[in-house]
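Heads up: the structure comes next, in structure tokens.
This is a predicted model, so every value here is computed, not measured.
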Amino acid sequence: MKEFKRYTVTTALPYANGPIHIGHLAGVYVPADIYVRYLRLKHQDVVFIGGSDEHGVPITLTARKEGVSPQKIVDRYHNIIKDSFEKFGISFDIYSRTSNKIHHETAASFFKSLYDKGEFIEKTSKQFFDDAENQFLADRYIIGTCPKCGAENAYGDQCESCGSSLSSDELINPVSVISGNKPVLKETKHWYLPLDKYENWLKQWILEEHKEWKTNVYGQCKSWLDAGLFPRAVTRDLNWGVKLPIPQAENKVLYVWFDAPIGYISATKELRQDWEKYWKDSETKLVHFIGKDNIVFHCIIFPAMLKQEGSYILPENVPANEFLNLEGDKISTSRNWAVWLHEYLEEFPNKQDVLRYVLCANAPETKDSDFTWKDFQARNNNELVAIFGNFVNRALVLTHKYYDGKLPQPSEITQVEQEIREEVFRIKSSIEKNIENYKFREALKDFMQISRIGNKYLADTEPWKLIKTNPERVKTIMYYSLQLCAINVILSEVFLPFTSLKLRNLLNMGKTDWEDVLKFDLLKPEHKINNAELLFEIIDDEKIEKQLNKLEKTKKMNELSEKTIDPQKEEITYDDFVKQDIRIATILEAEKVEKADKLLKLLVDTGVDKRTIVSGIAEYYKPEEIIGKQVCVLINLAPRKLRGIESAGMILMATDQDGSLKFISPEKITQNGSVIS
RNA sequence: GGCGAGAUAGCUCAGUCGGUUAGAGCGCAUGAUUCAUAAUCAUGAGGUCGGCGGUUCAACCCCGCCUCUCGCUACCA
């Protein structure tokens, strides 16, 4: 293992288009915070970097919707997010933002240095342009009729009605969101990062030199690298973002994925004059904490940028987590299926550590995991209250009862105490090993083991009985119990910072560092401790019910909104309608199209002729069960090649509420070629 | 269709290099206990390690095929 002099730890920049929820915390910020708190306790030189990602199209859309400037939007969410992190004790050295001047300068000069080296490819392509507003339109700025489900108001990149991903040139009747005008195609120039050129060294660096990365991360990278990389545009036509520092690039900004990771560097710059040693010295260990959606950016694209720039180090590890579900369903911002941090803070005041504990204990380290309120309650009541809180309380209460709150002078040590010392030694090194290998769930279990040992110690030795027969022995027992509490102060500083502080105050304990864990004299005889106070309180069913009801309500709201029927489209004339030549036809043959999940190749008798039509219905109909079926076919639609097969027409389908497709068939057998009007 | 990750106790998850009887926490059952927030401690029940085949003296682990879940990707007129 290579030894490092210092650490640069970054966390994915949350997108400032909404508040943050437990998924963010569990996947990225809690693990990163544990890692960093641990390093600090070991007196390592570390910078812990976070910040808001404030550019990109969705923010401009929110701004437009609300009729305010994008800066207004990001100011709002940046503050909410920053506040949530602070209140949860995520101990960033700096929480910055990409709308800062220093970031704009850093990102622009990063681009410039790659540009000057000739790293980019320039390409001209045609994109939609709004004449009235005199600007190019991102996919998200174009709406139109979805070519798949016919819903209006589909975005240029995705139809929210049927969920299919689109590209803006597919939309029927595209309209500019900004002016309402029909956009025109116009040439525009962009700069591309030729990732394909870096394939060789990326393969060597990841696949050969970083086999120790988590399997999910390594596998995902291998998948991308094996598939082959392609040049990727680093610029966009937009006026919200980092302006290009080159001439003839009016109204062009850096693509948000290019500027966001540079935000880590800008924030470090903002934090420290000597920032360069955290980014350019090979004795620095760079670690990116992210969610699995970000793997390709942090393992392939950002490293490519850093390496080609020339002066930067590459990440040593990218411990990406999977996703956290909520009560069995995917967390979704747009469907409001989430536990928002700012709401939790209000509804569970002073219980930050409970959530930190639950999210760490059940973190999606190796696969998606599920947050349930029942589990939250159980872990609080059965683990934090019953094991940790209870042990500390027992030790404190007994000390007050027998010794008026002063540590007794221990007498002889027995085999039991010797074994406890050995266990603590073992636990400490296990926590170290687990944290250093990003196994925070295991490390947290190790930590709880201290209190389990304590509870067993008390149950086995029964000081409340011995006090009558062997008071000298009790002194040793209580002394050792309190030392275990003191050890908990140090260990919990990593996982449960608020509780750690509270316990430290209860014990009247001074400064400590990580290695003190092995000392069994952190508290000296005669040392006075404060009155016992509970570290955690039981969470009753009522509180949990309340949360479940809240989610139930959200579910009902969503169902209601999903049941809304698309509004009627704009009026057309009879002439418009009769342009479509729709006929009754019979399916003669049907087979699956190879290497396509959704496609069936059909031979239909339209009455006019027999023709081949490729249709995206394979998920809903098996080829053998539809032969002989009569359907409606739009026969004068311009033919188009699909997967290499010429498709002449379109089978009309009804899209049901769940997105499934159903044939429109005549009620009785009807002559093929019959006109539908 | 291609690729990646996963499937182990009722629940949530560990399982190193192939090696004796597959582990933990929670939950459950029984007992002990009363210092402690009905908390604690001990003991126990509970497993075809997703399915089928193969390699091997020996497979949760390696290989092949299949099923299901999640993700990336192609495809959608």
Heteroatom pairs (N/O) under 3.5 angstrom, protein to nucleotides 5-10 of chain B:
none

Polar atom pairs between nucleotides 22-29 of chain B and protein, under 3.5 Å, N or O only, would you list them?
residue: B:G25; atom: O3'; partner: A:Arg452; partner atom: NH2; Å: 3.3
residue: B:G25; atom: O2'; partner: A:Glu383; partner atom: OE2; Å: 3.4
residue: B:C26; atom: OP1; partner: A:Arg452; partner atom: NH1; Å: 3.4
residue: B:C26; atom: O3'; partner: A:Asn382; partner atom: ND2; Å: 3.0
residue: B:G27; atom: OP1; partner: A:Asn382; partner atom: OD1; Å: 3.4
residue: B:G27; atom: OP1; partner: A:Asn382; partner atom: ND2; Å: 3.0

Close N or O pairs between protein and nucleotides 16-18 of chain B (under 3.5 Å):
none

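Using modelled atom types, one finds no donor on one side chain facing an acceptor on the other under 3.5 Å when comparing A:Ser492 with A:Thr499. Using a 3.5 Å distance cut-off with no hydrogens or angles, the side chains of A:Thr586 and A:Asp605 do not pair a donor with an acceptor. A side-chain donor-acceptor contact under 3.5 Å links A:Tyr457 and A:Glu417. Side-chain polar atoms of A:Tyr357 and A:Glu383 form a donor-acceptor pair below 3.5 angstrom. A donor-acceptor contact closer than 3.5 angstrom links the side chains of A:Asn488 and A:Ser451. A donor-acceptor contact under 3.5 angstrom links the side chains of A:Asn455 and A:Arg394, judged on distance only.
When each of B:A77, B:C13, B:G1 is scored by its nearest atom to the side-chain atoms of A:Arg441, the top-ranked nucleotide is B:C13. Between B:G4, B:A36, B:C13, one nucleotide has an atom nearer to the side chain of A:Ser223 than all others, and that is B:G4. Listed candidates were B:U40, B:U34, B:C13. Nearest to the side chain of A:Lys465 is B:U34. Set against B:C41, B:C13, B:C35, the side chain of A:Ser369 has B:C13 as its closest nucleotide. Nearest to the side chain of A:Leu599, among B:U34, B:U40, B:C76, sits B:C76. For A:Asn393, the listed nucleotide lying nearest its side chain is B:U37; candidates were B:U40, B:G15, B:U37.
In this structure, the CG atom of A:Asn390 is 11 Å from the C1' atom of B:C41, given to the nearest Å. Separating the CZ atom of A:Phe388 from the P atom of B:U40 is a distance of 15 Å, rounded to the nearest angstrom. Taking atom CG of A:Leu642 as the reference point, atom P of B:G1 lies 18 Å away to the nearest angstrom. In this structure, the CG atom of A:Asn455 is 14 Å from the C1' atom of B:A42, given to the nearest Å. Per the geometry, CZ belonging to A:Phe323 stands 11 Å off C1' belonging to B:C72, to the nearest Å. Following rounding to the nearest Å, A:Asp460 (CG) and B:A32 (P) show an atom-to-atom distance of 17 Å. Rounded to whole angstrom, the span from the CH2 atom of A:Trp213 across to the C1' atom of B:G4 amounts to 16 Å. For A:Trp224 and B:C72, the CH2 to P distance is 10 Å, given to the nearest whole Å.
If you look at A:Phe302 and A:Phe297, their ring centroids are not closer than 6.0 Å.
Applying the side chain to side chain donor-acceptor pair (under 3.5 Å) test to A:Lys475 and every residue at least two apart in sequence or in another chain returns A:Glu472. Under the side-chain contact (heavy atoms from CB on, under 4.5 Å) criterion, A:Asp609 pairs with A:Thr606, A:Arg611, sequence neighbours left out.
Heavy atoms of A:Phe536 sit under 4.0 angstrom from at least one base atom. Residue contacts shown for A:Leu652 are absent, as no nucleic acid heavy atom lies under 4.0 Å away. Counting non-hydrogen atoms under 4.0 angstrom, A:Val397 reaches the backbone sugars and phosphates but no base. Among the protein residues, A:Val614 comes within range of the sugar-phosphate backbone only, with heavy atoms under 4.0 Å from sugar or phosphate atoms but none that close to a base. Looking at heavy-atom distances under 4.0 Å, A:Ala386 makes contact with sugar-phosphate atoms alone, never a base.
Between B:C60 and B:C13, the two C1' atoms lie 15 Å apart (nearest whole Å). The C1' atoms of B:C52 and B:U12 are separated by 29 Å, rounded to the nearest whole Å. If you take atom P in B:C61 and the same atom in B:U55, they sit 15 Å apart, rounded to whole Å. Going from the C1' atom of B:U8 to that of B:G54 covers 22 Å, rounded to whole Å. Taking the P atoms as reference points, B:A22 lies 11 Å from B:C49, given to the whole Å. If you take atom C1' in B:C41 and the same atom in B:U33, they sit 8 Å apart, rounded to whole Å.
Along RNA chain B, the nucleotide nearest to A:Ile651 and the one nearest to A:Lys222 differ in position, and the one closer to the 5' end is contacted by A:Lys222.
Within the structure, a side-chain polar atom (N or O) of A:Lys456 is placed less than 4.0 Å from OP1 or OP2 of B:A42.
Aromatic ring pairs are classed by plane angle as parallel below 30°, tilted from 30° to 60° and perpendicular above 60°; the pair A:Phe371 and A:Trp373 is perpendicular. Under the 30°/60° scheme for interplanar angles, the aromatic rings of A:Trp205 and A:Trp213 are found to stand perpendicular. Relative orientation of the A:Phe376 and A:Phe348 rings is perpendicular, given thresholds of 30° and 60° on the angle between their planes.
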So what is the 5' to 3' dot-bracket string for RNA chain B, if pairs are Watson-Crick or G-U wobble with both distances under 3.5 Å, crossing pairs use [ ] and | means the partner sits on another strand? (((((((..((((.....[...)))).(((((.......))))).....(((((..]....))))))))))))....
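A salt bridge between A:Glu537 and A:Lys351 is present, with a side-chain N of the basic residue lying under 4.0 Å from a carboxylate O of the acidic one. Salt-bridge check for A:Lys543 with A:Asp541: failed, with every basic side-chain N at 4.0 Å or more from each acidic carboxylate O. A salt bridge does not link A:Glu422 with A:Arg426: every distance from a Lys NZ or Arg NE/NH1/NH2 to an Asp or Glu carboxylate oxygen is 4.0 Å or more.
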Report the C-alpha distance between A:Glu442 and A:Lys439 in whole Å, list the side-chain angles of each, state the deciding distance to 0.1 Å, and finish with yes or no for salt bridge (charged side-chain N to carboxylate O under 4.0 Å, His left out). CA-CA 6 Å; A:Glu442 274 304 305; A:Lys439 294 184 172 177; over 6 Å; no
